[in-house]
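Order of the sequence lines fixes the chain letters, A, B, ..., with proteins taken first and strands second; residue numbering starts at 1 for each chain.
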Amino acid sequence: MATVLQQQVWDKLKEIPQGRVTTYALLAEAVDKPKAVRAVASAVGKNPDLIVVPCHRVVRSDGLVGEYAGGQKKKIQLLTQEGVNIKNKKIPTVDFYIFDSN
DNA sequence: GCTCTGACGATTT
DNA sequence: GAAATCGCCAGAG
(Lines give C-alpha, C1' and ligand atoms only; values in the text may rest on other atoms or scores of the structure.)
Protein backbone atom coordinates (compact mmCIF):
# COMPACT_ATOMS: atom_id res chain seq x y z
CA MET A 1 0.00 0.00 0.00
CA ALA A 2 1.83 3.04 -1.24
CA THR A 3 1.02 6.27 0.52
CA VAL A 4 1.01 9.72 -1.05
CA LEU A 5 4.38 10.55 0.46
CA GLN A 6 5.94 7.44 -1.08
CA GLN A 7 4.46 8.29 -4.50
CA GLN A 8 6.03 11.76 -4.32
CA VAL A 9 9.39 10.44 -3.20
CA TRP A 10 9.58 7.61 -5.75
CA ASP A 11 8.54 9.95 -8.55
CA LYS A 12 11.39 12.29 -7.70
CA LEU A 13 13.89 9.43 -7.56
CA LYS A 14 12.99 8.51 -11.13
CA GLU A 15 14.18 11.98 -12.19
CA ILE A 16 17.71 11.27 -10.99
CA PRO A 17 20.02 10.66 -13.99
CA GLN A 18 22.54 7.84 -14.08
CA GLY A 19 25.94 8.59 -12.59
CA ARG A 20 24.36 11.12 -10.27
CA VAL A 21 23.00 10.83 -6.72
CA THR A 22 20.79 12.79 -4.35
CA THR A 23 20.39 13.13 -0.61
CA TYR A 24 17.46 12.51 1.69
CA ALA A 25 17.47 16.22 2.57
CA LEU A 26 17.22 17.31 -1.06
CA LEU A 27 14.56 14.68 -1.64
CA ALA A 28 12.60 16.00 1.32
CA GLU A 29 12.82 19.49 -0.14
CA ALA A 30 11.68 18.13 -3.51
CA VAL A 31 8.45 16.91 -1.92
CA ASP A 32 8.06 20.29 -0.19
CA LYS A 33 8.84 18.80 3.21
CA PRO A 34 12.46 19.73 4.03
CA LYS A 35 12.05 18.73 7.67
CA ALA A 36 10.45 15.38 6.91
CA VAL A 37 13.72 13.67 6.04
CA ARG A 38 12.82 10.84 8.43
CA ALA A 39 9.51 10.16 6.74
CA VAL A 40 11.09 10.48 3.28
CA ALA A 41 13.86 8.05 4.15
CA SER A 42 11.29 5.60 5.46
CA ALA A 43 9.30 5.97 2.24
CA VAL A 44 12.38 5.21 0.14
CA GLY A 45 13.11 2.13 2.22
CA LYS A 46 9.59 0.86 1.71
CA ASN A 47 9.79 0.99 -2.08
CA PRO A 48 8.40 -2.31 -3.52
CA ASP A 49 10.48 -2.33 -6.72
CA LEU A 50 14.20 -1.57 -6.66
CA ILE A 51 14.16 -1.36 -10.47
CA VAL A 52 11.50 1.24 -11.19
CA VAL A 53 12.79 3.28 -8.27
CA PRO A 54 16.58 3.94 -8.20
CA CYS A 55 16.61 4.08 -4.43
CA HIS A 56 20.31 3.16 -4.53
CA ARG A 57 20.97 6.68 -5.85
CA VAL A 58 19.86 8.20 -2.57
CA VAL A 59 22.61 8.94 -0.07
CA ARG A 60 23.00 10.85 3.15
CA SER A 61 23.73 14.58 3.24
CA ASP A 62 27.18 13.76 4.67
CA GLY A 63 28.04 11.91 1.47
CA LEU A 64 27.76 8.52 3.14
CA VAL A 65 25.85 6.00 1.06
CA GLY A 66 23.66 5.16 4.02
CA GLU A 67 21.58 2.00 4.20
CA TYR A 68 20.11 -0.13 1.45
CA ALA A 69 17.54 -2.94 1.18
CA GLY A 70 20.05 -5.16 -0.67
CA GLY A 71 22.92 -4.19 1.59
CA GLN A 72 25.22 -1.20 1.78
CA LYS A 73 27.93 -3.00 -0.19
CA LYS A 74 25.51 -3.71 -3.02
CA LYS A 75 24.45 -0.08 -3.08
CA ILE A 76 28.04 1.13 -3.36
CA GLN A 77 28.75 -1.39 -6.08
CA LEU A 78 25.73 -0.30 -8.11
CA LEU A 79 26.60 3.39 -7.81
CA THR A 80 30.21 2.75 -8.77
CA GLN A 81 28.99 0.74 -11.72
CA GLU A 82 26.88 3.68 -12.85
CA GLY A 83 29.86 5.99 -12.78
CA VAL A 84 29.47 7.57 -9.34
CA ASN A 85 32.79 8.45 -7.76
CA ILE A 86 32.66 6.80 -4.36
CA LYS A 87 35.63 7.03 -2.00
CA ASN A 88 35.60 4.92 1.17
CA LYS A 89 31.78 4.58 1.20
CA LYS A 90 31.54 8.34 0.67
CA ILE A 91 30.42 10.44 -2.29
CA PRO A 92 31.61 14.01 -3.15
CA THR A 93 28.89 16.63 -2.75
CA VAL A 94 29.56 17.75 -6.33
CA ASP A 95 27.89 14.54 -7.51
CA PHE A 96 24.67 15.43 -5.69
CA TYR A 97 21.81 15.88 -8.11
CA ILE A 98 19.74 18.97 -7.26
CA PHE A 99 16.07 18.71 -8.22
CA ASP A 100 14.76 21.46 -10.42
CA SER A 101 12.87 24.16 -8.52
CA ASN A 102 10.16 23.99 -11.14
C1' DG B 1 -6.57 8.60 19.32
C1' DC B 2 -1.93 7.80 21.50
C1' DT B 3 2.76 5.90 21.32
C1' DC B 4 6.92 3.89 19.11
C1' DT B 5 9.92 3.38 15.40
C1' DG B 6 12.61 4.73 11.25
C1' DA B 7 17.37 3.71 4.60
C1' DC B 8 18.18 11.14 8.66
C1' DG B 9 19.90 16.15 9.69
C1' DA B 10 21.86 19.56 12.24
C1' DT B 11 23.89 21.28 16.49
C1' DT B 12 26.65 20.89 20.66
C1' DT B 13 30.21 18.90 23.61
C1' DG C 1 37.61 16.39 13.86
C1' DA C 2 34.58 12.81 15.86
C1' DA C 3 30.93 11.17 18.81
C1' DA C 4 26.65 11.83 21.16
C1' DT C 5 22.08 14.09 21.65
C1' DC C 6 17.89 16.35 20.24
C1' DG C 7 14.64 17.37 16.75
C1' DC C 8 11.87 16.56 12.76
C1' DC C 9 7.59 14.23 9.98
C1' DA C 10 4.94 10.24 8.58
C1' DG C 11 3.41 5.49 8.97
C1' DA C 12 2.15 1.32 11.66
C1' DG C 13 0.53 -0.99 15.91
Atom CD1 of A/I86 and atom CG of A/L79: how far apart are they, to the nearest 0.5 Å? 4.5 Å

Where chain A begins and ends its contact with DNA chain C, read 5' to 3' at 4.0 Å from heavy atoms: C/dG7 to C/dG11

Which letters describe nucleotides 6-13 of chain B, given B = protein heavy atom under 4.0 Å from base, S = only from sugar-phosphate, - = neither? BBBSS---

Interatomic distance, CD@A/Q77 vs OH@A/Y68, rounded to 0.5 Å, equals 10.5 Å

Indicate every side-chain donor-acceptor pair of residues 51-59 of chain A with a distance under 3.5 Å to a residue at least two apart or in another chain.
from  : atom 1 : to    : atom 2 : distance (Å)
A/H56 : NE2    : A/E82 : OE2    : 3.1
A/R57 : NE     : A/E82 : OE1    : 2.8
A/R57 : NH1    : A/I16 : O      : 2.7
A/R57 : NH2    : A/E82 : OE1    : 3.3
A/R57 : NH2    : A/E82 : OE2    : 3.3

Enumerate, atom names and distances included, each donor-acceptor pair closer than 3.5 Å involving a side-chain atom of residues 87-98 of chain A, sequence neighbours excluded.
none

Quick check: closest heavy atoms across A/A36 and A/A28, and the distance to 0.1 Å? C-CB, 4.3 Å

Can you check whether A/T80 reaches A/V84 side chain to side chain, under 4.5 Å on heavy atoms? no

In short, salt bridge (charged side-chain N to carboxylate O under 4.0 Å, His left out) pairs touching residues 21-42 of chain A with sequence neighbours left out are none

All heavy atoms of A/Q7 vs all of A/A2, minimum pair found to be NE2-CB, 3.5 Å

Contact list for residues 60-76 of chain A, test salt bridge (charged side-chain N to carboxylate O under 4.0 Å, His left out), sequence neighbours left out: A/R60-A/D62

A/S42 side chain near A/Y24 side chain, heavy-atom distance below 4.5 Å: no

List the atom of A/A25, the atom of A/V37, and the distance in Å for their closest heavy-atom pair. CA-CG1, 3.7 Å

Tabulated below should be each protein N or O lying under 3.5 Å from an N or O of nucleotides 1-4 of chain B; please produce it.
none

Among residues 82-99 of chain A, which contact DNA chain B at a heavy-atom distance under 4.0 Å? none

Side chain to side chain contact (heavy atoms under 4.5 Å, CB included) with A/Q81: which residues, sequence neighbours excluded? A/L78

Among residues 3-14 of chain A, which residues get a heavy atom nearer than 4.0 Å to DNA chain C? A/T3, A/L5

Taking side chain to side chain contact (heavy atoms under 4.5 Å, CB included) as the definition, give me every residue that meets it alongside A/A30, ordered by chain and number, with sequence neighbours left out. A/K12, A/F99

How long is the gap from CD on A/Q8 to CG on A/L27, to the nearest 0.5 Å? 10.0 Å

